[in-house]
Amino acid sequence: MTPGSSTPAPGGKPGNADQPLRVAIIGAGPAGFYAADHLLKQDDLNVEVDMFDRLPTPFGLVRHGVAPDHPKIKNVTKVFDRTAQNPKFRFFGNVTCGQHLTPADFRSYYHQIVYTVGAQTDRALGIPGEDLQGSHSATEFVAWYNGHPHYRDLKFDLSQPTVAVVGVGNVAVDVARILCRTVDELKETDIADYALEALAKSKVKQVVMLGRRGPAQAAFSFPELKELGKMDDAQVRVLPEEAELDDLTKKHLSETPDATAQKKVDLLQELAAAPDAGKSRDLAIRFLVSPTHITEKDGRVAGVDIVHNELYETDNGTMRPRATEKAEHFDCGLIFRSVGYLGVPLEGVPFHAKWGVIPNEKGRVTEEESHEPIVGTYCAGWIKRGPTGLIGTNKGDAIETVQCMLEDVKVGNVLKPEHPTADAAEQFIRQRQPAFFSYDHWRSLDEHEINLGKEAGRPRVKLTTVDSMLEALGK
Ligand code: NAP
């Protein structure tokens with residue numbers, strides 16, 4: 001149990017006219033905004049939400065994860081904007097949990113704390129050569145091309161003709177597509193300026209995606225696959241023999257039809273049979289292959305050894321890959337590992353290292369040893385359930401967490417902070433991080449970026465350093 005101080009809330013339980021329920025949400029991505037929205041919607045509860053983010057800008061992966069050529073997905077920020085209009089909502093950007101404020105600080109100012117920090121790193125492949133120069137995680141590349149201030153200075157050797165992307169999830173598809181798009185396609189987007197410049201000079205001719213299972217098990221979604229077939233100057237290549245289903249999958253699909261998987265298989269077979277479109281770039285999607293070794297020349301990536309897999313069925317009916325004797329090698333100078341994101345621990349907050357999540361029950365954070373819920377401490381989004389699902393998946397996930405929070409408020413099972421007022425919290429935050437960004441600051445930055453975009457004929461030009469953001473605000 002981690003109680004705050006013993007000062008009781010005036011009027012008993014917080015959430016009434018005398019004492020609002022004060023909630024801190026750490027992480028301004030979709031899960032954080034959906035949690036804030038559901039809390040602020042409670043008519044019978046007087047609640048105040050302070051949302052924190054280590055970046056000056058809100059929206060998490062909507063700004064720094066969603067691919068720049070997917071602008072419609074980013075429209076969800078209009079919903080978050082409406083939440084932020086609520087006078088009981090405040091945003092404190094450029095405030096890092098663990099640096100400017102600790103979990104103990106939050107407990108002194110809030111009745112409830114919700115961690116919605118997402119999954120900030122990537123899973124490792126665990127094969128030799130993974131750490132060579134030229135081997136990167138997809139998370140780094142995605143954050144780089146999206147103008148994330150912490151990743152903007154990374155360098156990727158785009159002079160390489162062949163690039164491998166390990167994994168066939170939607171992130172791998174994003175990475176492959178961005179590598180294959182033409183400059184004309186990219187300059188219509190809000191991709192970071194420096195990334196546009198680097199990609200304009202790209203010498204990449206071939207991108208090879210490596211799926212460890214078959215076409216029916218591929219993690220990418222159908223619309224994402226379909227989109228690959230419509231790129232201006234790149235064609236998808238699928239080997240006909242790899243587009244064919246293995247006997248086990250055929251049997252499985254005939255016994256348990258899966259319309260979504262079938263649609264993807266049909267399209268992949270169509271792509272495998274398509275004639276050469278004569279485009280300048282190739283995007284090869286391989287199936288039933290796993291990298292076993294990233295080979296080296298002069299200290300950097302030179303190629304990848306891959307082994308062919310076969311599928312077997314586990315006791316719970318899942319198809320898993322296992323290596324066969326057949327192996328091959330291809331030369332490539334750049335590799336992106338896109339095998340899933342992974343949460344990172346926050347000091348003072350329990351963490352399940354293997355799963356990369358905060359241990360919890362329906363969003364109530366639990367002690368690592370005893371599995372007992374920790375008073376007033378919650379989580380939502382990827383740090384709660386792992387890095388799966390689309391942006392909208394976080395809505396139901398956050399609502400589940402908020403339901404637990406509301407149940408706990410009802411029975412008075414909340415923290416008892418020493419300073420449960422908005423003013424006290426703001427004063428304290430100002431002391432720790434005078435350069436915090438409010439939501440009004442964000443609105444000015446947003447307008448500024450859109451105006452820069454208008455001048456350049458683009459939807460927006462992102463500011464990618466904290467200094468340039470401060471400067472734009474006249475600070
Ligand atoms: P993901 O969907 O879980 O895909 C991970 C991929 O890595 C799978 O192909 C997986 O294969 C493969 N993989 C895992 N371990 C591997 C290993 N050791 N060796 C080789 N391959 C391995 O994760 P994601 O692509 O990072 O996406 C995260 C979430 O964000 C997903 O829910 C995704 O749909 C969502 N997202 C959506 C969009 C969009 O809607 N446009 C865009 C980006 C992300 P197995 O299937 O065999 O495990």
Side-chain angles (χ1 to χ4, degrees), residues 29-31 60-76 118-130 135 137-143 145-146 164-178 189 208-228 246 249 260-261 264 268 285-294 304-314 318-323 335-343 355-357 381-383 385-394 396-397:
L61 280 186
V62 180
R63 182 172 164 98
H64 294 119
V66 172
D69 56 346
H70 282 175
K72 280 192 192 142
I73 299 181
K74 298 181 196 220
N75 283 341
V76 70
Q120 288 155 24
T121 187
D122 63 300
R123 280 189 187 282
L125 279 172
I127 61 169
E130 193 166 5
S135 163
S137 69
T139 51
E140 287 171 348
F141 188 58
V142 168
Y145 65 60
N146 276 321
V165 179
V166 184
V168 287
N170 283 329
V171 171
V173 170
D174 284 348
V175 166
R177 203 180 57 250
I178 294 299
T189 74
V208 186
M209 294 176 70
L210 302 173
R212 64 177 170 178
R213 297 190 287 163
Q217 293 85 26
F220 49 61
S221 346
F222 178 75
E224 273 61 30
L225 174 63
K226 204 167 158 200
E227 189 183 7
L228 292 182
D246 61 293
T249 302
T260 314
K264 288 193 272 186
L268 284 162
I285 312 179
R286 301 286 312 266
F287 292 104
L288 285 168
V289 289
S290 285
T292 52
H293 186 188
I294 299 173
V304 56
D305 292 339
I306 57 178
V307 66
H308 288 235
N309 297 326
E310 60 184 8
L311 295 177
Y312 69 96
E313 195 169 353
T314 62
T318 311
M319 305 286 224
R320 303 297 310 159
R322 85 180 145 216
I335 288 198
F336 292 108
R337 308 172 313 258
S338 185
V339 296
Y341 285 71
L342 191 68
W355 299 347
V357 298
W382 277 5
I383 198 64
R385 68 174 193 280
T388 59
L390 308 178
I391 292 168
T393 314
N394 293 297
D397 181 303

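Both counts, for ligands and for their atoms, begin at 1 and track the order of listing.
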- [ ] Among Thr388, Asn394, Thr393, find the one that has a side chain to side chain contact (heavy atoms under 4.5 Å, CB included) with Leu390.
- [x] Thr393

- [ ] Compute the shortest N/O to N/O distance between Ser290 and ligand 1 and return yes if it is under 3.5 Å, no if not.
- [x] no

Open item on the list: I need the nearest protein heavy-atom contact for atom 2 (O) of ligand 1: residue, atom name and distance, please.
Closed with: Ala219 CB, 3.7 Å

Task: Numbered atoms and elements of ligand 1 in range of Asp174, under 4.0 angstrom, heavy atoms - done: 42 (C), 43 (C)

- [ ] With the side chain counted from C-beta on, respond yes when Thr249 and Gln217 share a heavy-atom pair under 4.5 Å apart, and no when they do not.
- [x] yes

Open item on the list: Please give me the minimum heavy-atom distance between Val142 and Gly65, naming the atom from each residue.
Closed with: CG1-O, 3.5 Å

Open item on the list: At under 4.0 Å between heavy atoms, is it the side chain or the backbone of Glu224 that contacts ligand 1, or both, or neither?
Closed with: side chain

TODO: Starting from atom 11 (O) of ligand 1, locate the nearest protein heavy atom and write down its residue, its atom name and how far away it is, to 0.1 Å.
DONE: Arg212 NE, 3.5 Å

Task: ligand 1 atoms in contact with Tyr341 (distance to a heavy atom under 4.0 Å) - done: 26 (O)

TODO: Around atom 26 (O) of ligand 1, find the nearest protein heavy atom and jot down its residue, atom name and distance.
DONE: Val171 CG2, 3.4 Å

- [ ] Tell me which protein heavy atom sits closest to atom 4 (O) of ligand 1, plus the residue, atom name and distance to 0.1 Å.
- [x] Gly169 CA, 3.5 Å

Task: 4.5 Å side-chain heavy-atom contact, Val339 and Arg212 - done: no

TODO: May I ask you to identify, for Val173, whether its side chain, its backbone, both or neither come under 4.0 Å of ligand 1 on a heavy-atom basis?
DONE: neither

- [ ] For Asp397 and Gly381, work out which heavy atoms get closest and say how close.
- [x] OD1-N, 3.0 Å

Task: Donor-acceptor pair, side chain of Asn146 and main chain of His64, under 3.5 angstrom - done: yes

Task: Heavy-atom protein neighbour under 4.0 angstrom from atom 7 (O) of ligand 1 - done: yes

Open item on the list: Do Ile285 and Leu228 have side chains that approach each other closer than 4.5 Å (heavy atoms only, starting at C-beta)?
Closed with: yes

Task: Whether Pro387 lies under 4.0 Å from ligand 1, heavy atom - done: yes

Task: Minimum-distance protein heavy atom relative to atom 40 (O) of ligand 1 - done: Leu390 CD2, 3.5 Å

Task: ligand 1 atoms in contact with Gly340 (distance to a heavy atom under 4.0 Å) - done: 26 (O)

- [ ] Give the atoms of ligand 1, by number and element, whose distance to some non-hydrogen atom of Thr388 is under 4.0 Å.
- [x] 32 (O)

- [ ] Identify the protein heavy atom lying closest to atom 32 (O) of ligand 1, giving its residue, its atom name and the separation to 0.1 Å.
- [x] Gly389 N, 2.7 Å

Task: For atom 9 (O) of ligand 1, closest protein heavy-atom neighbour - done: Val168 N, 3.0 Å

Open item on the list: Looking only at the side chains, is there a donor atom on one of Arg320 and Asn309 sitting less than 3.5 Å from an acceptor on the other?
Closed with: no

TODO: Kindly give the heavy-atom pair with the smallest separation between Thr121 and Gly343, and that separation in Å.
DONE: CG2-O, 4.4 Å

Task: Proximity to ligand 1 by part of Ala218, non-hydrogen separation under 4.0 Å - done: neither

Task: Gly211 touching ligand 1 at heavy-atom level, < 4.0 angstrom - done: no

- [ ] Give me the ring orientation class for Tyr341 and Trp382: parallel if the planes are under 30° apart, tilted from 30 to 60°, perpendicular past 60°.
- [x] tilted

Open item on the list: Quick test: of every protein heavy atom, which one is nearest to atom 38 (C) of ligand 1, and how far off is it to 0.1 Å?
Closed with: Asn170 CB, 3.5 Å

Open item on the list: With a 4.5 Å cut-off on side-chain heavy atoms, are Phe141 and Val165 touching?
Closed with: no

Task: Ile294 versus Ser135, closest heavy-atom pair with distance - done: CD1-OG, 4.1 Å

Open item on the list: Once you restrict to heavy atoms under 4.0 Å, what part of Leu125 touches ligand 1? Side chain, backbone, both or neither.
Closed with: side chain

